[in-house]
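Down below is the structure, laid out as structure tokens.
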Amino acid sequence: MPRPSRTRNRFIIAFIIMMCLASLYILLLKIRKMNHLSELEENSRHFAIINDIVYYNSTYSASAKPTFMFLITSQIANFYLPMTCSSIDGYTETTSQIAIQQVGESLLVGTCTVVEDPLYVTLKLDDFSMQIDAPIPLEPLSIRKSIVKEDHVICMSHLVLYEDGTTILSLLKHFKNSAAKIMIYAASVSDSLYKALEEYSDNVEVVPWMLPEAKKRGDFDKLKLDPNYSKAGTEGSLTHCFLRYAPVVRKVTLIDLATLKFNSIPFNPDYTLSKEVTSMVTEGWRLKKLTNYRVTMNSRKMFKNVHGNEKKLAENDVVLNEKCFVRQDAQDLDKECGDLQSPEMETTPSRSIYIPKVVQFDNLSIYEDALGR
């Protein structure tokens, strides 16, 4: 074999070996990166979860362009996500950066511009990409098909562990004739309670909503509750309800069931959405009134007798603390309500609502159901 040909073959073989080594090096780097991310997920509280996506067409979008709004739960302050979203409608494709805005202590909203009526959207972060189907566009409620002819949506949150069925069913019985739709966000529901909810299935929907937990791999048989995670679950789900229905209904009511209470955190009877969320209301949104409730007492109430002394009654009442907000252009302006788009939480008056527990439910069966799993 001629010498030049032999030399050329050696160079080719050396080049192939170098490319193989380079490919192996890149593969090892990727494996190392994936292991690093896995370790962060296992050992760190600093995580981010995209809970859900709301699609606004040009009618409801604040920027007059169609947008995707991502609800993100994160314990990281000043969270930055170098992620882009690409959307396509079959003819046009657009790519934009996801802008992150903090709207609560553990809640962020990511917004990106998309094409009108996209077929799908692709999220890209570094070398990772994920394709998701486009959510259903927002549409006004079909009041004609609803049993309750009221342009009103009520959302309750958050069912976790084994909720007091008597309380839930009594609240549903009280509110069922005042709203066309009632959403119950739940991390877990027992079989017996879920079966009891079927009675209200005409206008009640149970929405699965994960409760962030401080779990590590191998701890799937343990539920490590954290005050911040519990608050994040309620905060995220009720914000999702507001962003989903405020553009298409006149009234939205949010109820914080205050299912979990922690001695380490003082209990605040007032519940309100953050100003960052309510300020998202645009002229194209139909919302006129927002009412917020928080369960403050679940069995007893205080009253003053003729002597002016306070006395406890062992009455089965659910006590809700109420605050309401209206848009200033609402015709039925309630003087007791605050301004929806620039709410002053501290100065807006609140009142207590007493709802009797008129529905009996065997709460013990819930725990028997849990032990039987």
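Here the structure is a predicted model, which means the values were calculated and not measured.
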For atom [atom1] of [X], decide whether the heavy atoms of other residues, nucleotides or ligands shown that lie under 6.0 angstrom number more than 12.
| X | atom1 | answer |
| --- | --- | --- |
| Glu283 | CD | no |
| Met18 | CE | no |
| Glu93 | CD | yes |

Find out whether [X] and [Y] are in side-chain contact, i.e. whether some heavy atom of one side chain is under 4.5 Å from a heavy atom of the other.
| X | Y | answer |
| --- | --- | --- |
| Ser157 | Leu257 | no |
| Ile72 | Leu107 | no |
| Thr67 | Val114 | no |
| Val295 | Asp256 | no |
| Phe70 | Leu108 | no |
| Val204 | Lys181 | no |
| Leu197 | Val206 | yes |
| Met83 | Met130 | no |

Under a 3.5 Å cutoff, is there a donor and acceptor pairing between the side chains of [X] and [Y]?
| X | Y | value |
| --- | --- | --- |
| Thr113 | Ser96 | no |
| Gln131 | Tyr120 | no |
| Asp117 | Asn57 | no |
| Thr272 | Asn292 | no |

Aromatic ring proximity Tyr245/Trp285, centre distance under 6.0 Å
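That pair fails the under 6.0 Å test.
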What's the spacing between [X] [atom1] and [Y] [atom2] if we round to 0.5 Å?
| X | Y | atom1 | atom2 | value |
| --- | --- | --- | --- | --- |
| Ser190 | Leu193 | OG | CG | 4.5 Å |
| Met297 | Ser352 | CE | OG | 8.0 Å |
| Cys324 | Arg351 | SG | CZ | 7.5 Å |
| Asp52 | Cys241 | CG | SG | 12.0 Å |
| Leu290 | Phe242 | CG | CZ | 5.5 Å |
| Lys323 | Thr291 | NZ | OG1 | 13.0 Å |

Can you classify the ring geometry of His240 versus Tyr185 as parallel (below 30°), tilted (30 to 60°) or perpendicular (above 60°)?
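If you compare the ring of His240 with that of Tyr185, the planes turn out perpendicular.
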Under a 3.5 Å distance rule, please check whether [X] uses its side chain to pair with a backbone N or O of [Y] as donor and acceptor.
| X | Y | result |
| --- | --- | --- |
| Ser170 | Thr167 | no |
| Arg294 | Leu320 | no |
| His158 | Ala258 | no |
| Thr84 | Gln97 | no |
| Ser201 | Glu198 | yes |
| Thr234 | Lys231 | no |

Path from [X] to [Y] over hydrophobic side-chain contacts below 4.5 Å:
| X | Y | result |
| --- | --- | --- |
| Phe68 | Leu119 | no |
| Ile132 | Ile100 | yes |
| Val277 | Val248 | yes |
| Ile13 | Leu21 | yes |
| Ile355 | Leu159 | yes |

Contact summary for [X] and [Y], nearest pair of heavy atoms:
| X | Y | value |
| --- | --- | --- |
| Tyr293 | Glu322 | OH-OE1, 2.8 Å |
| Leu243 | Tyr56 | O-OH, 2.6 Å |
| Tyr55 | Val115 | OH-O, 4.0 Å |
| Glu235 | Ser106 | OE1-N, 3.4 Å |
| Ala180 | Asn203 | O-CB, 3.3 Å |
| Met210 | Ile49 | CE-CD1, 3.3 Å |

Decide yes or no on side-chain contact (heavy atoms from CB on, under 4.5 Å) for Leu254 and Leu273, but give the supporting numbers first.
CA-CA 9 Å; Leu254 306 178; Leu273 283 177; 3.6 Å; yes
Could you go step by step and tell me if Met156 and Ile182 meet the side-chain contact (heavy atoms from CB on, under 4.5 Å) rule?
CA-CA 8 Å; Met156 302 181 187; Ile182 299 178; 4.3 Å; yes
Applying side-chain contact (heavy atoms from CB on, under 4.5 Å) between Val318 and each of Ile168, Leu171, Thr166, report the one that passes.
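Of the listed options, the one satisfying the test is Leu171.
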Pair Arg250 + Asp151, salt bridge at N-O below 4.0 Å:
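Salt bridge: no.
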Which is it for Ile184 and Leu172 under the side-chain contact (heavy atoms from CB on, under 4.5 Å) test, yes or no, and what are the steps along the way?
CA-CA 10 Å; Ile184 302 177; Leu172 285 179; 4.0 Å; yes
Ser86 and Val121: side-chain contact (heavy atoms from CB on, under 4.5 Å), yes or no, with the steps?
CA-CA 6 Å; Ser86 301; Val121 173; over 6 Å; no
Quick one, Asp317 with Lys357, criterion salt bridge (charged side-chain N to carboxylate O under 4.0 Å, His left out). Give me CA distance, side-chain angles, the key distance, then yes/no.
CA-CA 6 Å; Asp317 283 340; Lys357 290 186 177 180; over 6 Å; no
